[in-house]
Protein chains: 2
Amino acid sequence: MFRALVVEDQTLMRLALMNEVQASFEKCVVLGAETLNIAAVELQNSHFDLVVIDPGLPGFDPTSQGDRVAVVDRIIEASPSAIHIVVTGSDNRCEADGFRQIGAAAYLGKTGLAPGVFSDVLDDISTKGFSLRLSRAVMTKPDYRFSVLTPREHEAIDMMAHRAPGVKRKEIFSLMADRLAIDAGSAEKYYKQARAKLMRQGHTLPQGL
Amino acid sequence: MFRALVVEDQTLMRLALMNEVQASFEKCVVLGAETLNIAAVELQNSHFDLVVIDPGLPGFDPTSQGDRVAVVDRIIEASPSAIHIVVTGSDNRCEADGFRQIGAAAYLGKTGLAPGVFSDVLDDISTKGFSLRLSRAVMTKPDYRFSVLTPREHEAIDMMAHRAPGVKRKEIFSLMADRLAIDAGSAEKYYKQARAKLMRQGHTLPQGL
DNA sequence: AAAAATAGGGATGGGACCATCCCTTTTTTG
DNA sequence: CAAAAAAGGGATGGTCCCATCCCTATTTTT
């Protein structure tokens with residue numbers, strides 16, 4: 001059984017990271033620790049294959065580089081056989097190098113760390129040994145979330161909303177079919193159903209229909 | 001149709017906040033903006049009932065109090081009729097007062113901002129006019145996430161794991177029944193099923209069984 | 001004009017999860 | 001000891017979503 005630990009004080013972020021880890025491993029257990037103390041207890045009591053760390057924890061000065069390194073270093077030493085991934089909101093290349101030298105396998109900025117990126121990071125680690133993803137804002141349009149749509153319908157709407165100009169809808173349906181491992185006809189169906197729901201409720205549709 | 005906008009650069013946090021907003025309103029649309037520019041465009045084009053803002057956005061100095069106030073102020077002026085909620089990782093009472101004075105209805109620290117808290121915050125706003133929740137780490141045990149368990153089974157395990165000493169399981173089942181609006185027998189069933197699944201897979205059970 | 005793309009539906013079976021009710025045996029508690 | 005609590009399971013109906021296949025107009029492209 002694959003075991004992972006996420007050390008992050010912000011609850012919503014911790015739960016989201018736990019979700020990402022879980023999505024990357026079919027069968028697994030993921031623990032979440034709000035403080036370094038809780039993490040230390042768990043690291044002492046059991047073995048972990050993967051540890052995700054945000055160095056900005058309660059009780060430490062987030063602006064002190066020494067404190068940040070101390071947190072990560074202590075965790076790495078307490079779980080030498082695990083893969084260690086550092087996730088931070090205030091990321092920079094210099095700090096990334098520092099954490100790499102003390103044994104981290106990845107350094108990720110929170111901005112741009114989207115659902116699914118985690119799997120790519122794990123791929124990077126197993127092929128290149130290290131993964132670096134610095135923060136940068138890349139969105140040009142907003143995200144949408146409609147409470148009337150099912151997850152599948154939402155994916156259809158999202159992908160269509162981000163369609164590049166000149167691309168045919170049929171091509172998006174094929175892309176969607178690939179990504180979700182379903183039939184292109186089904187993808188088309190979800191899109192049409194989603195669109196119909198939004199129209200019925202009098203919504204302003206996102207750009208690109 | 002209730003319309004909300006979440007302005008936050010960290011993708012996972014933005015999506016989580018959008019989820020929280022959605023969970024608080026049965027029928028609604030929630031938009032997410034990674035940058036102030038995207039937010040400004042949307043605020044200009046349509047009306048919003050609720051805006052959630054993290055003042056630490058790309059392009060601004062997160063340590064500059066002036067920048068943080070400028071971000072929030074600009075958004076409040078662009079949507080004077082909306083409810084404005086400020087969410088930040090580096091929260092303090094002083095900043096809370098400042099944002100309150102320029103019209104924010106709530107000031108929330110990210111640590112301790114857990115699923116469900118948002119509804120309480122909205123209650124605070126409608127009854128007292130303002131909600132203040134500063135960050136503080138309160139957990140003493142880790143979160144668990146088992147990929148084999150369904151959501152209901154997970155809730156059963158979670159609540160049982162946080163059982164106070166001396167409390168009977170039966171009481172937890174009643175509590176769970178109240179919270180989820182189900183039968184106490186069903187709650188008991190979920191707990192037993194969850195426990196059996198974990199035992200079958202040879203898991204180390206969380207404290208408290 | 002012919003071909004392709006798009007919009008808009010209806011119907012179907014399967015699977016996962018929810019919620020309930022029922023049962024027996026073992027352990028703990030008063 | 002007697003009663004309550006707890007462990008451990010079987011069976012059922014309902015709902016929602018997934019995925020597929022089918023159909024017909026209308027619009028756009030070539």
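Below, all heavy atoms of this structure are taken into account, side chains as well, without hydrogens, waters or symmetry copies. Residue numbers begin at 1 in each chain, while the letters A, B, ... track the order of the sequences.
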Please state how far atom [atom1] in [X] lies from atom [atom2] in [N], giving the value in whole angstrom units.
X      : N      : atom1 : atom2 : answer
B:K192 : C:dT24 : NZ    : P     : 14 Å
A:R169 : D:dT27 : CZ    : P     : 15 Å
B:R195 : C:dT26 : CZ    : C1'   : 13 Å
A:R179 : D:dC18 : CZ    : P     : 17 Å
B:E153 : C:dC18 : CD    : P     : 7 Å
B:K189 : C:dC23 : NZ    : P     : 14 Å
A:M176 : D:dC18 : CE    : C1'   : 15 Å
A:I182 : D:dC21 : CD1   : P     : 12 Å

Item to check | Side-chain H-bond candidate by donor/acceptor type, B:S79 with B:H47, under 3.5 Å | outcome: no
Item to check | Donor + acceptor pair across side chains of A:E155, A:Y190 (<3.5 Å) | outcome: no
Next on the checklist: Against the six-membered ring of B:F130, is B:R100 placed for a cation-pi contact (under 6.0 Å from the centre, within 45° of the normal)?
Outcome noted: yes
Next on the checklist: Can you see whether A:Y107 has A:R133 sitting over its ring - NZ or CZ less than 6.0 Å from the centre and within 45° of the normal?
Outcome noted: no
Checklist outcome for this item: When B:Q193 and B:E188 are each assigned the nearest nucleotide of DNA chain D, the 5'-most assignment goes to B:E188
From C-beta outward on [X], which listed nucleotide comes closest to its side chain: [options]?
X      : options               : result
A:Y190 : C:dG8, D:dC18, C:dC18 : D:dC18
A:K170 : D:dC18, C:dA5, D:dG9  : C:dA5
B:D183 : C:dC21, C:dC17, D:dA7 : C:dC21

Next on the checklist: What's A:L149 touching, base or sugar-phosphate or nothing? Going by heavy atoms closer than 4.0 Å.
Outcome noted: nothing
Checklist entry - With a non-hydrogen cut-off below 4.0 angstrom, is A:Y191 in contact with a base, only sugar-phosphate, or nothing? => result sugar-phosphate
Next on the checklist: Base of C:dA5, side chain of A:K168 - is there a donor-acceptor contact under 3.5 Å?
Outcome noted: no
Checklist entry - Do A:S147 side-chain atoms and B:C28 backbone N/O form a donor-acceptor pair below 3.5 Å? => result yes
Checklist entry - Any side-chain N or O of B:T150 under 4.0 Å from OP1/OP2 of C:dC17? => result no
